[in-house]
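Quick notes on the structure that follows.
Chain letters run A, B, ... following the sequence lines, proteins first and then strands; every chain starts at 1.
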Amino acid sequence: MRNAVGAVDSVLLLGGRSEIGLAIVERLVRDGARKVVLAARGAEEPDRITASAERLRAAGAAEVRPLDFDAARPGTHADVIDAAAKLVGDLDIVIDAFGVLGEQTVFEADPVAAADAATATFTGHVSAGLAVAARLKEQGHGILVVLSSVAGVRVRRANFVYGAAKAGLDGFAQGLGDALHETGARVMIVRPGYVPTQMSAHVSAAPFPATAEQVADAVAAGLRTGSEIVWVPRKLRFVFAGLRLLPRAVWRRMPR
Amino acid sequence: MRRQRRLLTGWGRTAPTAATVARPRTTEEVALLLREAGRREGTRRRGAIARGLGRSYGDAAQCAGGLVVDCADLAPGYRIDPESSTVTASSGTSLADLMEHLVEHGYFVPVTPGTRHVTVGGAISADIHGKNHHVDSSFGAHVRSLTLVTPDGAERRIGPDRDPDLFWATVGGMGMTGVITEATFGIIPVETAGVRVDTDRTPDLDSTLAVMSETDDHYHYTVCWIDLLARGRAMGRGVLTRAHHAQVTDLPPRRRRAPLRYTPRTVAGAPLRVPPRLLNTWSVRAFNTAYYARAPKRARGQIHELSSFFHPLDAVRDWNRMYGPHGLVQYQFVVPFGEEPTLRRIVARLASAGAPSFLAVLKRFGEGTPAPLSFPCPGWTLALDLPADLPGLARLLRSFDEQVLAAGGRLYLAKDSRAEPAVVHAMYPRLGEWRRVRQSVDPEGVLVSDLARRLEL
């Protein structure tokens with residue numbers, strides 16, 4: 001159960017290798033969470049998530065359980081959520097953090113790779129998100145944290161496959177949040193700017209970057225106050241309010 | 001029976017969860033509901049818990065995804081028995097309604113908390129205390145018998161002399177042994193609807209503690225409002241009020257004609273929406289300073305109305321909204337006599353942190369009841385409210401938990417909304433004994449609240 005100051009007991013991370021996702025889980029563990037499920041492709045094979053599990057145990061987690069989860073197999077998603085609930089009981093927080101950034105030039109040359117990436121970044125979240133929502137609604141409480149991105153706020157020419165998938169995800173999460181209104185379950189959308197991680201190592205840094213830890217802090221603060229949308233860093237909200245108004249001819253030329 | 005899926009919170013308005021709320025009218029309907037909740041299987045098994053007026057601050061009367069048995073419609077009405085000085089009332093009866101009738105007949109409830117808007121069932125389940133705890137103990141001590149519907153659907157009449165183990169597990173048991181549907185408890189005779197109050201302002205914590213220790217025993221009711229933002233030499237200054245029920249001869253001649261005229265009033269309601277952080281260090285300091293300055297330095301024999309003395313906050317309807325959209329956290333602990341240094345450290349820490357609490361009250365507890373989960377025990381209790389979104393609140397309160405535990409004290413479950421299971425288990429060493437009794441009436445764990453889930457009771 002979530003308590004009055006935003007601390008929770010159990011966390012399910014969908015995308016168990018996501019650096020940002022793990023930073024958020026670690027923060028929640030430091031704030032009191034004891035039970036963690038790390039769901040990722042091949043997570044149940046030996047030694048796949050040992051390092052992350054060790055890190056979370058060192059932060060104070062009593063239980064870290066691996067769970068197989070493949071974003072590209074929507075038919076399995078409801079079972080994955082059920083399995084997670086069997087492992088730790090009520091899911092207090094589910095962090096939806098899977099996805100691939102990829103490389104725009106590669107996508108433009110390989111439409112199939114682009115569609116696969118869009119599946120991982122968007123459609124996989126539709127089946128997983130709805131399965132999570134059903135579970136949270138039934139238990140009468142719980143928060144789904146969706147890792148969106150500013151890339152989806154206004155899609156750019158420089159990374160439009162990824163941006164479009166994030167735009168779809170963001171819109172889906174907003175609608176899901178409205179659908180869950182007054183059910184006890186909630187959706188929190190996180191819109192980070194550029195975060196230097198392994199996934200983003202191949203792209204050059206953008207203005208207003210944030211670290212994974214800053215994203216985790218912002219999520220923790222949002223949980224305390226019940227925020228619905230969290231921008232990291234916060235000023236990106238105002239930056240994008242302006243960028244949204246740029247003429248298309250200028251926006252098209254944005255370097256990245 | 002009406003059923004509705006609804007979002008519920010406690011009085012602190014934090015951590016809402018959804019449950020199906022049913023309002024049974026009879027004991028039979030309560031039994032039906034509990035049996036139904038017990039029949040669900042697997043993850044659909046979400047449990048059930050009783051709810052009264054929702055005045056527990058935290059999540060004690062919530063059951064996420066499950067069934068909440070709202071006792072408000074349970075056969076209203078009450079019977080006063082002058083022979084034994086008792087009243088029998090349904091568990092959903094509020095003390096507010098009860099008092100209106102009791103006072104008119106020359107009686108008063110044996111114990112009242114700081115609000116009259118609590119139900120008889122809630123008063124027993126939380127084993128509430130009041131300003132007379134040092135002489136009269138808690139509510140459970142005055143209960144002669146009660147009707148409890150257990151998850152098997154059975155209706156049991158229990159009391160201190162009839163199935164005492166189950167009775168005392170129910171007193172302070174936070175609704176986890178069954179749904180109370182009716183109770184008979186002692187009432188006290190009063191001559192008037194007034195109290196005769198002595199007030200003293202104390203300049204610092206040492207004198208607050210000294211005056212309370214020396215004079216408590218001479219009064220039926222005592223309590224001290226304490227200014228938790230006062231720093232330096234004024235740290236722990238307070239306004240101490242102590243009272244007896246007024247006799248007819250205490251009243252001014254005009255009021256002697258109708259000495260039992262009881263006039264509780266609600267003067268205003270809090271606005272529906274209050275901006276966050278309205279109550280902050282500065283606004284609360286201004287309030288506290290004004291409140292302290294306005295109180296008489298020393299007054300004797302002033303006549304106050306029952307309601308203004310016992311329930312000053314009830315004058316503002318929904319005062320909990322003043323804390324803004326993120327709600328409030330109430331923290332109440334007791335430490336045994338002799339552990340004054342712990343109390344002093346906590347008061348000093350609150351003052352240095354500038355924690356904006358304007359409803360802090362200090363009180364001396366007397367003997368507790370035999371109930372294993374009952375909160376009061378001989379010692380000092382401090383209760384305070386803080387905004388739930390106060391930065392650093394979680395860590396601050398966690399450090400207090402440790403100090404309270406080390407001093408052999410405990411937290412009040414009816415007020416808790418954020419403690420950790422291990423800490424609470426250590427604070428209530430008789431938890432195992434209580435669990436065994438609970439296990440005997442609810443082997444499948446049908447009765448559960450968000451509080452019980454969170455604290456693993």
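- The distance from atom CZ of R5(B) to atom OG1 of T183(A), rounded to the nearest 0.5 Å, is 8.0 Å.
- Residue with the most contacts toward chain B among R224(A), R186(A), E182(A): E182(A) (heavy-atom pairs, distance under 4.5 Å).
- Heavy-atom contacts from other residues, nucleotides or ligands closer than 6.0 Å to CZ of R349(B) number 12 or fewer.
- Looking at P325(B), there are no atoms closer than 4.5 Å to chain A (heavy atoms on both sides), in backbone or side chain.
- To the nearest 0.5 Å, the span separating CD on Q139(A) from CZ on R453(B) amounts to 9.0 Å.
- Of the two parts of A19(B), neither the backbone nor the side chain holds a non-hydrogen atom closer than 4.5 Å to a non-hydrogen atom of chain A.
- Salt bridge annotation for R34(A)-E456(B): present, with a cationic side-chain nitrogen under 4.0 angstrom from a carboxylate oxygen.
- Within the 4.5 angstrom heavy-atom criterion, no atom of D92(A) approaches chain B.
- The closest donor-acceptor contact from the side chain of R454(B) to the backbone of R2(A) lies at 3.5 Å or more, if one exists at all.
- For a residue to count as touching a neighbouring chain, one of its non-hydrogen atoms must lie under 4.5 Å from one of that chain's; by this rule R13(B) does not touch chain A.
- Considering only heavy-atom pairs separated by less than 4.5 Å from chain A, the leading option among L328(B), D389(B), D450(B) is D450(B).
- The neighbour count for R237(A) CZ, taken as heavy atoms of other residues, nucleotides or ligands under 6.0 Å away, does not exceed 12.
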